[in-house]
Each structure stands twice: as structure tokens, then as C-alpha cells.
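Quick note on labels: first sequence line is chain A, next is B, and so on, each numbered from 1.
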Number of protein chains: 2
Amino acid sequence: MANIRDVADSAGVSVATVSRTLQQPERVSPKTRNKVMAAVQAVGYKPNLMAVKFRSGKTHNLVVLVPTVANVFFARVISGMQEAAAELGYSILLANTLGNSEIESHYAKMVSTSQADGLIQLRAFNPFDTSMINDNGLLPMVNACEVIDDGQYPVVSLDNRAAAKAMTEHLISLGHTRIAMIKGPNSSPLTQERLAGYKDALEQANITFDEGMLFPGDFTLQAGYNAGETISRLQKRPSAVFCENDETAIGAMQAFKQANLHVPNDISVAGFDDIAFSAFVDPPLTTIAQPAEEFGRTAVTLLVDLLNGKVRKAPKVIMPFELIVRESTGKA
Amino acid sequence: MANIRDVADSAGVSVATVSRTLQQPERVSPKTRNKVMAAVQAVGYKPNLMAVKFRSGKTHNLVVLVPTVANVFFARVISGMQEAAAELGYSILLANTLGNSEIESHYAKMVSTSQADGLIQLRAFNPFDTSMINDNGLLPMVNACEVIDDGQYPVVSLDNRAAAKAMTEHLISLGHTRIAMIKGPNSSPLTQERLAGYKDALEQANITFDEGMLFPGDFTLQAGYNAGETISRLQKRPSAVFCENDETAIGAMQAFKQANLHVPNDISVAGFDDIAFSAFVDPPLTTIAQPAEEFGRTAVTLLVDLLNGKVRKAPKVIMPFELIVRESTGKA
DNA sequence: ATCTTAAATGAAAACGGTTACATGCTTTTT
DNA sequence: AAAAAGCATGTAACCGTTTTCATTTAAGAT
């Protein structure tokens, strides 16, 4: 592999001149510039970017911790990140962590070992352990989607409480009073916030909250199916089910159909996220649309600003949501 | 940030000893080893892996070009890659290329500029242009899933022709003779192979191939829906539809339902890939299961072997498939 | 006690760039 | 015409490791 010295020799100039020709062409005379460019072609020179990154101390890599790339919503977030990163001259190193904090910790180490400049975490968990904290204090991280809001790191999130309240209000406005909720993992702040929004709406409508209307889930199709089965066998069945994400809702709908319950005539089903499939299931799913790609773009932009020292205090960005009413919800 | 020299000073040894203690502990006496380890702790030393990579000339990064991470099948492939890479000490740099050859070329450049050791391409396209070819000849690449089989690069693929034949035979065995096919993009070799397998089965059953039974698609839900609408309006409607992936099949089923066609009583629908959603749609989808995670694992293993010079000729790995019969296909 | 051999350690070069500083040449100013 | 200023280029230090080679120290053999 030809290096900068080969080019210098071939062009009959010094390595400094070659470097300048490539980095700041205006600082070198047109005559030598041509000589150098010709030499670059002649020897087939490609700068070793590993050397550049090492020398400059900037890797222009960003680590992204994503619980699972197989989740359609995250896939959209990642797409947005990739776009923004490309525009800003950064590369994304994607880590499929499966929510495993050891794997997260492994990848987080890339920041403390100078393999990446910063990190984006899509889960409400701080992946840095004390051994990674450097002397200046915090490592550069942005927390998006599912966040720990302790003011230490910049945050990009949705007002999950307001969104859940909006969806519950929608169901109430259709006449539903027995509204079940299929939750995410209790450990997830998302679940807590959405539950709070659900309760807000009930309270506002003077409907007493019933603990028995809460069903466990973990954001997967299978969990939705399981909860759906349980619900169909219930004596006092709810007339509507609010699921914490679309996968769960689709799984639940499947269980209802197999129990000969018609959606929405017998039971209304609502989701959260608006993944692509939701418009193509039967019936099309009522859900909350999140600007997934925009989440990704914003997180990257924020992190790059942070790296460039453009932000002092950890900013907090709240993304807008939209209630998408389709055909899976109907009158009670 | 403490560097190796700080450790050496703190321990009262040379940098070489520190390096050896960390890389080949057996080559240094237990006494100094302890001294050095203590010093590492004391100064909070973390090796600068950028420097290591630069010095060693090995980045231990692998670039993966994926047409779209939002595709559930690819998401599974990527999960498999991530696992295998972690085991082998490599990191995956994921590039969401949207099938755009300029973006592919951009990321492919990471290999020729020493930012990554090798590349995995999931599309039938050679991302290297002549400017990237180095003097030794080919750049290290493995082609998986959708492949160009010209013998230049290692290949991991499915026998798409046999799989499509198996699915078509299944439909024929149910008594179907008018079998439509919703295709992928014509430019994709996948489409050509699957079409060939479809024709094989027809010929074997003495059914004349009808060009009019072929419908365009691009592997998306929307394309499946569009083709499904077209098919439902047909005068001489087929009794079965074979879709080139599950998204297409799910989209088509939705269109059939809206046209009041019952699946499978009025029309059978078959997919390809066995994504998670396929078991949770109504009716559950008959499809071809591909070992997606295994695809990823194999591609990574092959590439690492290639990098270590363990393979001479480009190997060709054919992964097994499985026909999954669910409820979306029935008697004609 | 002396010589040979092996093990442990240190000094310094190397990886491939960037860049501060020095040098030489040309042009402008007086 | 001499001095000052500006521009183009070269020299060499530097980034943080690894590694070769030389040197010192310890151990074993006679």
C-alpha cells in the first residue's frame, strides 16, 4: 500500500507538501499541486484514515446502543441516525445489545478507549461504569427514545404520558369505560410514563382505575398474543385494549380473532409507534405515530454538538406525536 | 488521558515492559507484573485502541452493506453477524445503503482507506470501483443473501430456485393450477432464481407458464398491497399467489380481504422469509424459512477466515431452507 | 569461582500521517 | 539597492502503541 512518503518521492517534494496539497490546496502553488496530484494517481495513494484518526484524536465514529435492531421502530430510528451522521461526516457503529448491560458495557468501552467519540443510548440505562469515567467527568452520550431524565445527559424523547393520555381519551370518547392495557416491562420508564398517561385520562373521565385491567408484556408479538388470549377468556372482558406498542397490539389482535372476537365490534385495539405493518394488518391499527427517523437525526445532531462543545447544559428535546385513528378502534 | 508512558513512569519500568505485561504477561516476571498492574490501576490507564489499530494495521472492523435495516429479515441477519463478530473480536460497522450504489461506494472506501479490514455485501452488486482495488488484487469481501456468483468472492446464499420450486410444488399439490407470482425487482438475481424455481415446478406438473400471472413488486408491504388489488380485480383470477417475501404477502392479503376475498378459501397466499410477523397475521402465513441469523454468522466467519488467509479459493456456502405450511394456503 | 545459557528488561525505531517552525526565494517598500 | 514582508517549501517533532535488538541480570554447569 502506497503511503504519503511514496507520493512525496514520486513527486519530488516533501511529505509536508503532499499533506498540504491534500488538506489545504490553496496553500501550495498550482505547479506543485499538479505535480503532487499526478503522483497521487501514479502510485495509487489512499490516505490511511486509521493513522489520521489516531493522529487527530478524533475517530468520527459514534457508537449506538440499540436493544434490538429487529424492532421495526428502532430500525427507523437507525435510518435517521445514519443519514444525519453521513451528513456530518460521522460513521455509526451499531451495537445490538439485546438489553444486556454487559454487552452495552463492552461497546461503551469503545468511547473510553478512543475508538469512538461518543455514544447514543436508546435504553434507560447508563452504560458507563466508574472505570470508564475519565478525569474531565462525563463521557459524551445522548440518551434517546427511552430515557433516564436525571439532567446529566442530553435527552431526546416523546411525551409518553401525554401520548398515552391522548390515546386513552380517544378510547373513552368512543364510549369505552373498561379499557385494558398491555404493558411493556415494568423496568422500562416508558411503561411507567404511559401508565401514568392512561391513569390521567381515566381520572379526568371519572373512571376508577382497575389494577386487574393491566396485563404484562415485553413489546413482542408473542407477549401480545399471550395477553390477548388471557383477555379473551376473561369473565368481565374489557371493551378496549391499549397496547404499549404495535407489535403487542398485532399479537393481541391475532389472539382475539382466534377466540372469535371481532375487532373492533367486540373489542377495540390500539397500539403505539405506527410501524409500517400497522397499516397493513386487518383491521388497520389505530396507533400513536412517533417521528422515528427524526429521533435518530436529532440524537446524532445533539451528540455532534456536544462533541464540538456547542452545548453547555444537557438539553432536553421533546418530539411531537400524532394520534392515528384507523379501523381497529370503534364505538363501545 | 493517561498513556502507556505514564504507567511506565509510575511503575518505574520501560514502556516496553508495560506493553508486554498487557499483551504477553508470561514474558514478564511476576514481580514486575504486579508493579505494572498496580500502576495501571493507579493512573487509570486505558490503552488507546486507535493507536493499537494504527500500529498493528488491523482495525478489527467489518463493514456491512445492508440495503435497509428496516427489513425484518435483514435485521435478523445482522443480529447473527453481531454475535459472531463479538465472539471473534470484531466490530460491525453497519451501513444502511438503501440500495444506493453511491452510498455503498462511500462505505466500501473504508476498506481501501484502512478503516475496516473487510466488507460484507448483502446485495448482488460489487461496491468496489477500480480506484479502490489495491495492488494485491481483490479487496476482502463476502457476498451474502443476494449474491453475484462469479466465483471471485466467497458467497453465502440459499438455493432460491429449489426453495421457490418447493413452494410452488406445495401449491400444486393442493390442486392449484393458476398460480400468480408477485416478484421482487427484476434487477435482483433473487427474483430471477425464484422465478426459475417457479417455472421448474410448473413444467414438472405440465402446467403451461403464463406471463400474465407475473406481477411486479419490490419487497415492500405497499407493493404487495398494490399487486393484491390488481389481482382481485382480474377476470380470470388465480387461485393461489406466491409472493417473493413475507412483506409482499402480508400486503397482498390485506388487499384481498378488502376485496372480500377469503384467504385461503378464495385465494391461497404464500410468502418467503418467515419473518416474525408471519405467524401473527390472519391467517398465519405459509412461507419459506431461511436461517437468517445463521446467514449472518456464516458470512462473518467466512470473512474473518479470508482475512486470516485461511481460505484460498472463494468458498460457496448454500444454506438450508424449510417449507413452513400454515393456514394461508389451502385446497384449490 | 568462572563460564555458558537463558530470562528479563530497556532503548529506540517504526507505523503514516499532521503541523509548528525554519529556511529560502520572490516581491514589495523605502 | 537594501531592507522588510510574504509566500512556498522543507525539516523534524509528535501522536501512543508494538517490536526488534541490545543489554543487563539471574540461573545453571563445570
Side-chain angles (χ1 to χ4, degrees), chain A residues 1-40 43-61 109-117 134-135, chain B residues 1-37 39-40 43-61 89 109-117 134-135:
Chain A
M1 212 40 190
N3 64 23
I4 200 171
R5 235 162 293 265
D6 298 329
V7 178
D9 293 350
S10 165
V13 298
S14 73
V15 292
T17 302
V18 176
S19 179
R20 273 190 291 258
T21 306
L22 266 27
Q23 302 306 320
Q24 319 153 48
E26 71 284 356
R27 295 219 24 212
V28 54
S29 75
K31 211 171 72 184
T32 39
R33 200 185 308 159
N34 291 337
K35 263 197 308 189
V36 171
M37 294 314 278
V40 165
V43 303
Y45 171 68
K46 319 249 172 6
N48 178 331
L49 291 192
M50 225 57 198
V52 174
K53 289 176 173 193
F54 159 57
R55 176 64 225 248
S56 66
K58 299 269 169 243
T59 65
H60 281 239
N61 289 337
K109 218 168 279 172
M110 298 186 82
V111 179
S112 53
T113 55
S114 310
Q115 294 184 86
D117 297 345
N134 67 5
D135 11 78
Chain B
M1 211 41 189
N3 63 21
I4 200 170
R5 233 164 296 265
D6 299 328
V7 178
D9 293 349
S10 165
V13 297
S14 72
V15 292
T17 302
V18 177
S19 178
R20 273 189 291 257
T21 306
L22 267 26
Q23 302 307 320
Q24 320 152 45
E26 71 284 356
R27 295 221 22 212
V28 54
S29 76
K31 211 173 72 184
T32 40
R33 202 186 305 162
N34 292 336
K35 264 198 306 187
V36 171
M37 295 314 278
V40 165
V43 305
Y45 171 67
K46 318 252 172 5
N48 178 330
L49 291 191
M50 224 59 198
V52 173
K53 289 175 173 193
F54 159 58
R55 174 63 223 242
S56 65
K58 300 269 169 241
T59 64
H60 281 238
N61 288 337
K109 217 168 280 172
M110 299 186 81
V111 180
S112 54
T113 55
S114 310
Q115 293 185 86
D117 297 344
N134 68 5
D135 11 77

A:F54 CZ - C:dT19 P separation (whole Å): 14 Å

Check every strand shown and say whether B:S19 touches a base, only sugar-phosphate, or nothing at a heavy-atom separation below 4.0 Å. base

For residues B:T21 and B:R27, determine if any side-chain heavy atom of one lies less than 4.5 Å from a side-chain heavy atom of the other. no

May I have the distance from B:K53 (atom NZ) to D:dC15 (atom P), rounded to whole angstrom? 22 Å

Between the side chain of A:S56 and the main-chain N/O of A:V52, is any donor-acceptor distance below 3.5 Å? yes

Relative to the 5' end of DNA chain C, which residue comes earlier, A:A51 or B:T17, by the nucleotide with the nearest heavy atom? B:T17

Pair of N/O donor and acceptor under 3.5 Å linking C:dG10 base with B:R20 side chain: yes

To the nearest 0.5 Å, how far apart are NZ in A:K109 and CG in B:L49? 10.5 Å

Point-to-point distance, once rounded to the nearest 0.5 Å, from NZ of B:K53 to NZ of B:K58: 13.0 Å

Rounded to whole Å, how long is the line connecting atom CG of B:L22 with atom P of D:dT17? 9 Å

Is B:T32 touching bases, backbone alone, or none of the nucleic acid, heavy atoms closer than 4.0 Å? sugar-phosphate

Do side-chain atoms of B:R20 reach the backbone of B:V28 as a donor and acceptor pair under 3.5 angstrom? no

Spacing between B:M50 atom CE and D:dC15 atom C1', to the nearest angstrom: 13 Å

Round to the nearest Å and state the distance from A:E26 atom CD to D:dC7 atom C1'. 13 Å

Rounded to whole Å, how long is the line connecting atom CD of B:Q23 with atom P of D:dG16? 17 Å

With a 3.5 Å cut-off and heavy atoms only, can you find an N or O donor on one side and an acceptor on the other between the side chain of A:R27 and the base of D:dC7? no

Roughly how many Å is it from NZ in B:K31 to C1' in C:dT9, rounded to a whole number? 12 Å

Would you indicate which nucleotide in D:dT17, C:dG17, C:dA11 comes nearest to any side-chain atom of A:N48? C:dG17

Separation of C:dA13 P from B:R55 CZ (nearest whole Å): 13 Å

OP1 or OP2 of D:dC15 less than 4.0 angstrom from a side-chain nitrogen or oxygen of A:S56, does that happen here? no

Which nucleotide in the list D:dA8, D:dG10, D:dG16 gets nearest to the side chain of A:A16? D:dG10

